[in-house]
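A short worksheet on the structure shown next.
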Amino acid sequence: MAVHVREHRLRWPVSPQLKELLAGHRVHQVGRRAKYVLLEFGHGTLAIHLGMSGSLRLSTCQSAPGKHDHVDLVLEEGTVLRYNDPRRFGAFLWLSGNHPDPFVKNLLDHQGVEPLGPILTGDWLWERTRARQMAVKQMLLAGKEVAGVGNIYASECLFRAGIHPLRPCARISRQRYGSLVHSIREVLSEAIVQGGSTLRDFVDSAGRAGYFQNAHRVYGREGQPCLRCGAPIRMIRQGQRSTWYCARCQR
DNA sequence: AGAATAACCTGCGTGC
DNA sequence: TGCACGCAGGTTATTC
């Protein structure tokens, strides 16, 4: 793999050694942990985060890089995986196989459990939140317990589970955590099948927009009728982020 | 220790 | 048309 870094200033500076570290090496396996894409090489792992506005698209070497095309991963003759990120909230982090960078290692170790994995159950989440006064929506968004539930999906999951976003974690029953976990799995699975939610410019590796935004039941629907009961959907601010919910269906 | 707030960026829509 | 402002898919660092 050949690497071209045109802009090092991402969320953290891209390692100046990245080009040398990957030159001539092959990707053994592609994985993921939380929202980090993991490209595993024999001698270490490249962890890529797309931030809020990043995308990885397959392109041809001949195509000229455009605005905000910060990194090229040249895969083979004629093919390049190109990273574009207007806001530069994304990251390219090198995790060495022999001497793991403690910063990167901690970063991945401190992520919540996989939302579609076997550890997450209603009972598990109930036990983890007995002493937490934080609002359930902010707990989901923080990602310390469950990874991968972003701002769109936190609102959607809570609506489907019938849980009010402001409800303190410690005041949700074991049974209702069961509903929440079921909703998390359902919402994320559906969104994946539908290619994600394109609000503005989100695209997959082939440049295709997602269409889960058409399945949003509360996100972005302030003032519009609840699809279940007809009451107007409300929007509130929680920690600098917007939350949408139905005051009648969610308690 | 848990929780709230600030910070990192660019682009776009809105209102004056 | 221009400009100031607020907001946007995320997550860590800092402060309280």
Side-chain angles (χ1 to χ4, degrees), chain A residues 6-14 32-37 47-57 65-71 83-93 101-113 115 128-158 165-171 184 187-188 190-192 194-205 207-222 235-244:
Chain A
R6 282 176 289 270
E7 175 57 85
H8 286 80
R9 297 172 302 167
L10 302 185
R11 191 178 202 302
W12 296 285
V14 179
R32 179 190 57 75
R33 175 71 184 99
K35 290 183 179 174
Y36 288 87
V37 173
I48 302 172
H49 198 295
L50 301 179
M52 287 172 94
S53 56
S55 65
L56 283 169
R57 292 184 61 176
K67 197 175 186 184
H68 306 308
D69 282 342
H70 303 316
V71 181
Y83 173 74
N84 178 285
D85 188 3
R87 290 173 74 178
R88 293 196 268 121
F89 279 10
F92 275 67
L93 298 169
D101 180 334
F103 171 77
V104 179
K105 189 174 185 306
N106 284 338
L107 206 63
L108 295 182
D109 285 351
H110 290 166
Q111 301 295 328
V113 300
R128 293 278 300 180
T129 52
R130 286 313 77 210
R132 308 289 298 280
Q133 296 310 306
M134 179 186 273
V136 61
K137 193 267 187 168
Q138 297 196 261
M139 179 274 287
L140 289 176
L141 202 51
K144 302 296 182 196
E145 306 299 334
V146 186
V149 183
N151 201 41
I152 294 174
Y153 302 114
S155 285
E156 294 298 315
C157 292
L158 289 168
L166 290 171
R167 178 166 285 274
C169 294
R171 292 178 45 212
I184 290 170
V187 166
L188 293 185
E190 288 177 21
I192 288 167
Q194 299 188 40
S197 303
T198 297
L199 299 185
R200 184 184 299 273
D201 50 15
F202 171 79
V203 289
D204 68 12
S205 63
R208 295 172 296 222
Y211 44 98
F212 189 71
Q213 65 277 10
N214 302 313
H216 293 170
R217 299 184 189 175
V218 288
Y219 183 90
R221 298 192 64 243
E222 184 184 10
M235 195 264 281
I236 56 174
R237 296 290 288 181
Q238 289 182 275
Q240 324 300 109
R241 309 304 297 280
S242 297
T243 303
W244 287 264

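Within every chain, numbering begins at 1; the chains are lettered A, B, ... in the order of the sequence lines, protein sequences first and strands thereafter.
- In this entry the distance linking CD of A:E7 with C1' of B:dC8 reads 13 Å, nearest Å.
- The CD-C1' distance, from A:Q238 to C:dG10, rounds to 16 Å in whole Å.
- Environment of CZ in A:R130: crowded, with over 12 heavy atoms of neighbouring residues, nucleotides or ligands closer than 6.0 Å.
- In this structure, A:K144 reaches the C:dT12 phosphate: one of its side-chain N or O atoms is under 4.0 Å from OP1 or OP2.
- Taking the P atoms as reference points, B:dC9 lies 23 Å from C:dC3, given to the whole Å.
- Among the atoms of the strands shown, only primed sugar atoms or phosphate atoms (P, OP1, OP2) are found under 4.0 Å from some heavy atom of A:G51.
- Between B:dG11 and A:K67, a contact under 4.0 Å exists linking OP1 or OP2 to a side-chain N or O.
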Side chain to side chain contact (heavy atoms under 4.5 Å, CB included) between A:L140 and A:I184, worked out: CA-CA 10 Å; A:L140 289 176; A:I184 290 170; 4.0 Å; yes
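- Scanning DNA chain C for stems, defined as runs of 3 or more consecutive Watson-Crick or G-U wobble pairs whose donor-acceptor distances all fall under 3.5 Å, gives the following ranges: B:2-8 with C:10-16, B:10-16 with C:2-8.
- One can place CG of A:L141 at 8 Å from C1' of C:dG10, the figure rounded to the nearest angstrom.
- Two residues, A:Y36 and A:R87, neighbour DNA chain C, and the one matched to the more 5' nucleotide by heavy-atom proximity is A:R87.
- Residue A:Y219 is in sugar-phosphate contact alone, with no base atom involved, counting any heavy-atom pair closer than 4.0 Å across all strands shown.
- At the phosphate of C:dA8, OP1 or OP2 sits under 4.0 Å from a side-chain N or O atom of A:R237.
- A:L107 places its CG atom 10 Å from the P atom of C:dT11, with the value rounded to the nearest Å.
- OP1 and OP2 of C:dG10 both lie 4.0 Å or more from every side-chain N or O belonging to A:H49.
- Put simply, the side chain of A:R132 and the base of B:dA3 share no donor and acceptor less than 3.5 Å apart.
- Phosphate contact (OP1/OP2 of B:dG11, side-chain N/O of A:H68, threshold under 4.0 Å): present.
- Remark: C1' of C:dG6 and CD of A:Q240 are 12 Å apart, rounded to the nearest angstrom.
- Atoms CZ (A:R241) and C1' (B:dA7) sit 13 Å apart, rounded to a whole Å.
- Considering only side-chain atoms of A:M134, the nucleotide from C:dA8, B:dA3, C:dG10 that sits closest is B:dA3.
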Passes side chain to side chain contact (heavy atoms under 4.5 Å, CB included), A:S53 versus A:D85? Steps please. CA-CA 5 Å; A:S53 56; A:D85 188 3; 2.6 Å; yes
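- Rounding to the nearest 0.5 Å places NZ of A:K137 at 8.0 Å from CD1 of A:I236.
- A donor-acceptor pair under 3.5 Å links the side-chain atoms of A:R32 to the main chain of A:A34, judged by distance alone.
- More than 12 heavy atoms of other residues, nucleotides or ligands lie within 6.0 Å of CZ in A:R6, so this atom counts as buried by the packing criterion.
- Considering only the side chain of A:Q138, B:dA4 comes nearest among B:dT10, C:dT12, B:dA4.
- Residue A:F89 and nucleotide B:dC8 are classified as a stacked aromatic pair, their ring centres being separated by less than 5.5 Å at an interplanar angle below 30°.
- Taken from OG in A:S155 to CZ in A:R241, the straight-line distance is 10.0 Å, to the nearest 0.5 Å.
- For A:Q111 and C:dT12, the shortest distance from a side-chain N or O to OP1 or OP2 is below 4.0 Å.
- Among the nucleotides B:dA3, B:dA6, C:dT12, the one closest to the side chain of A:Q133 is B:dA3.
- Taking atom CZ on A:R200 and atom P on B:dT14, their separation rounds to 10 Å, with Å as the unit.
- For C:dA8, the OP1/OP2 oxygens have a side-chain nitrogen or oxygen of A:S242 closer than 4.0 Å.
- Nucleic acid contact for A:D85: none, since no nucleic acid atom lies under 4.0 Å from a heavy atom of the residue.
- The distance between the ring centers of A:F212 and A:Y153 falls below 6.0 angstrom.
- The base of B:dC9 is not paired with the side chain of A:R88 by any donor and acceptor separated by under 3.5 Å.
- The salt bridge (Lys or Arg N to Asp or Glu O under 4.0 Å) search around A:R88 returns none, not counting sequence neighbours.
- A straight line from CD of A:E145 to C1' of B:dA3 spans 14 Å, rounded to a whole angstrom.
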